[in-house]
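Encoded as structure tokens, the structure appears first; notes follow it.
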Amino acid sequence: MILLIPAFNPDFKLLQLVDELIKFDVEKIIIVNDGSFPSSDGVFGKLRLYPQCLVLNHKQNMGKGKALKSGFKYIHDNFPNTGGLVTIDCDGQHKPQDIKKVLQKLSSVSNSLVLGSRRVGRQMPWKSLIGNLFSRFLLFGITGKWLADTQTGLRGIPNQLIPELLKINGNGFEYEFNSLISLSKAKVNFIEVGIQTIYIEKNKSSHFLPISDSLKIFVSALKSFVNYPF
């Protein structure tokens, strides 16, 4: 198994997370530096010192979706026999024990997307709550699938799904939503694993923009609705 972390302007929390993740029995931890500011150079410099880690670089910020696809492409080309991978956000809001739960579930199933699902409620910052509720209803309207958390970045992905994920449109936050629609079309089973709902400093470090990113998700949803095979 491989761990994949897209990272834009990470701080020390990413180092703390990797310190825990290197204790896991995984093939490699791949971090994609998505055009971060120079202030994060020290973080990436320290990550390169870990033999378990590999840092890929975008010269400029291209979006979370593009960072994920860069990681998927590298894994597809260099680790063709891996059992799968788990994507993790870089801001410290995924606890090691929850990441381990997703890893364990992924290793026990086949051709299923494993989602680390947070409980949606008042404990969520308003911009995360709005985005999640909005995308939940959109996904249900298009696919008939009702998920507890459509915006989770903690996802377990079997190796055989990587080629499909590389075909999916979107370079920003809409990419993860598009992935749910495309994999639903492909009759992939979704398995939700409950994880802690944690937001550090009311999710201040999040780069999700409630209006513009929700609009991108909505436009993607309309395109998918037109093409969805009912």
Side-chain angles (χ1 to χ4, degrees), residues 1-8 10-33 43-44 46-56 64 67-68 70-72 74-76 78-121 123-124 128 132 147-162 165 176 179-180 183 188-201 203 205-206:
M1 296 286 183
I2 293 173
L3 304 179
L4 173 61
I5 307 175
F8 178 55
D11 59 18
F12 69 93
K13 291 190 289 293
L14 178 55
L15 295 174
Q16 292 177 333
L17 176 61
V18 170
D19 281 336
E20 294 296 324
L21 296 180
I22 59 176
K23 300 173 185 177
F24 293 1
D25 183 20
V26 295
E27 296 168 83
K28 189 65 77 173
I29 301 171
I30 297 175
I31 302 100
V32 182
N33 173 11
V43 173
F44 292 112
K46 290 180 180 179
L47 290 172
R48 291 187 182 93
L49 298 177
Y50 290 105
Q52 301 92 336
C53 293
L54 172 70
V55 178
L56 304 177
K64 186 181 182 183
L68 287 169
S70 292
F72 294 154
Y74 187 89
I75 294 167
H76 183 261
N78 294 278
F79 296 90
N81 298 317
T82 187
L85 64 103
V86 173
T87 62
I88 305 164
D89 289 342
C90 73
D91 55 9
Q93 294 184 21
H94 297 146
K95 292 301 180 183
Q97 58 267 35
D98 287 330
I99 295 168
K100 197 166 193 176
K101 284 168 63 176
V102 172
L103 270 168
Q104 290 172 339
K105 177 58 70 173
L106 179 62
S107 66
S108 69
V109 298
S110 60
N111 199 42
S112 296
L113 180 70
V114 181
L115 301 167
S117 295
R118 301 158 295 181
R119 184 176 180 181
V120 177
Q123 68 271 39
M124 279 190 167
S128 300
N132 218 314
L147 297 178
D149 184 1
T150 57
Q151 293 192 321
T152 178
L154 181 56
R155 300 183 178 196
I157 300 168
N159 188 47
Q160 63 266 33
L161 295 185
I162 295 178
L165 290 170
E176 289 177 303
S179 298
L180 296 177
L183 294 179
V188 173
N189 186 40
F190 296 170
I191 297 174
E192 294 188 276
V193 175
I195 64 172
Q196 298 177 70
T197 304
I198 298 170
Y199 288 95
I200 300 170
E201 296 179 341
N203 213 21
S205 63
S206 174

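All values below come from the heavy atoms of this structure, side chains included, with hydrogens, waters and symmetry mates left out. Keep in mind that what you see is a predicted model, and the values were worked out from it rather than measured.
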Worksheet item: Can you check whether Ser110's main-chain N or O pairs, donor with acceptor, with Ser112's side chain at less than 3.5 Å?
Response: yes

Practice prompt. State the CD-OG1 distance between Glu27 and Thr82, to the nearest 0.5 angstrom.
Written response: 3.5 Å

Worksheet, complete the sentence: Between the CD1 atom in Ile75 and the CG atom in Asn159, the distance rounded to the nearest 0.5 Å is 8.5 Å

Discussion item. Which heavy atom of Tyr50 sits nearest to which heavy atom of Leu15, and what is that distance?
Written reply: OH-O, 4.4 Å

Item to complete: To the nearest 0.5 angstrom, please state how far the CD1 atom of Ile22 sits from the CD1 atom of Ile29.
Response: 7.0 Å

Worksheet item: Looking only at heavy atoms, which two atoms of Leu154 and Thr152 are closest? And how far apart?
Response: N-OG1, 3.1 Å

Worksheet entry | Exam field: side chain Gln52 to backbone Lys28, donor-acceptor pair closer than 3.5 Å | no

Worksheet item: Which pair of heavy atoms, one from Asp149 and one from Glu192, lies closest together, and at what distance?
Response: N-OE2, 3.6 Å

Item to complete: Any chance you could measure Tyr74, atom OH, to Leu4, atom CG, to the nearest 0.5 Å?
Response: 12.0 Å

Worksheet item: Which atom names give the shortest non-hydrogen contact between Gly116 and Val102, and what distance separates them?
Response: CA-CG2, 4.1 Å

Response to the item:
The reported gap from NZ in Lys46 to CG in Asp19 (rounded to nearest 0.5 angstrom) is 10.0 Å

Item to complete: Go through the steps for Ile31 and Cys53 under the test side-chain contact (heavy atoms from CB on, under 4.5 Å), then give the verdict.
Response: CA-CA 7 Å; Ile31 302 100; Cys53 293; 4.0 Å; yes

Worksheet item: Yes or no on side-chain contact (heavy atoms from CB on, under 4.5 Å) for Leu85 and Phe79, after CA distance, side-chain angles and deciding distance?
Response: CA-CA 10 Å; Leu85 64 103; Phe79 296 90; over 6 Å; no

Discussion item. Does Ile2 form a side-chain contact (heavy atoms from CB on, under 4.5 Å) with Val26? I'd like the steps, not just the answer.
Written reply: CA-CA 6 Å; Ile2 293 173; Val26 295; over 6 Å; no

Worksheet item: Between atom CD1 of Ile191 and atom CG of Leu147, what is the distance when rounded to the nearest 0.5 Å?
Response: 12.0 Å

Worksheet entry | Side-chain donor or acceptor of Lys105 paired with backbone N/O of Lys100 under 3.5 Å | no

Fill in: Under 3.5 Å: donor-acceptor pair, side chain of Asp89, backbone of Asp91
no

Item to complete: Ignoring hydrogens and angles, tell me if any N or O in the side chain of Lys95 forms a donor-acceptor pair with the backbone of Ile195 under 3.5 Å.
Response: no

Item to complete: Measure from the side-chain N and O atoms of Asp98 to the backbone N and O of His94, and report whether any donor-acceptor pair falls under 3.5 Å.
Response: no

Worksheet item: Of the non-hydrogen atoms in Cys90 and Ile5, which two are nearest, and what is the gap between them?
Response: CB-CG2, 3.7 Å

Item to complete: Could you tell me which residues satisfy side-chain hydrogen bond (donor to acceptor under 3.5 Å, both in side chains) with Ser179, sequence neighbours excluded, listed by chain and number?
Response: none

Practice prompt. Let me see the working for Leu165 and Leu68 under side-chain contact (heavy atoms from CB on, under 4.5 Å), right down to the final yes or no.
Written response: CA-CA 9 Å; Leu165 290 170; Leu68 287 169; over 6 Å; no

Worksheet item: Minimum heavy-atom separation for Glu176 to Arg155, with atom names?
Response: O-NH1, 3.2 Å

Discussion item. Counting C-beta onward and ignoring hydrogens, is there a side-chain heavy-atom pair between Lys13 and Gln93 closer than 4.5 Å?
Written reply: no

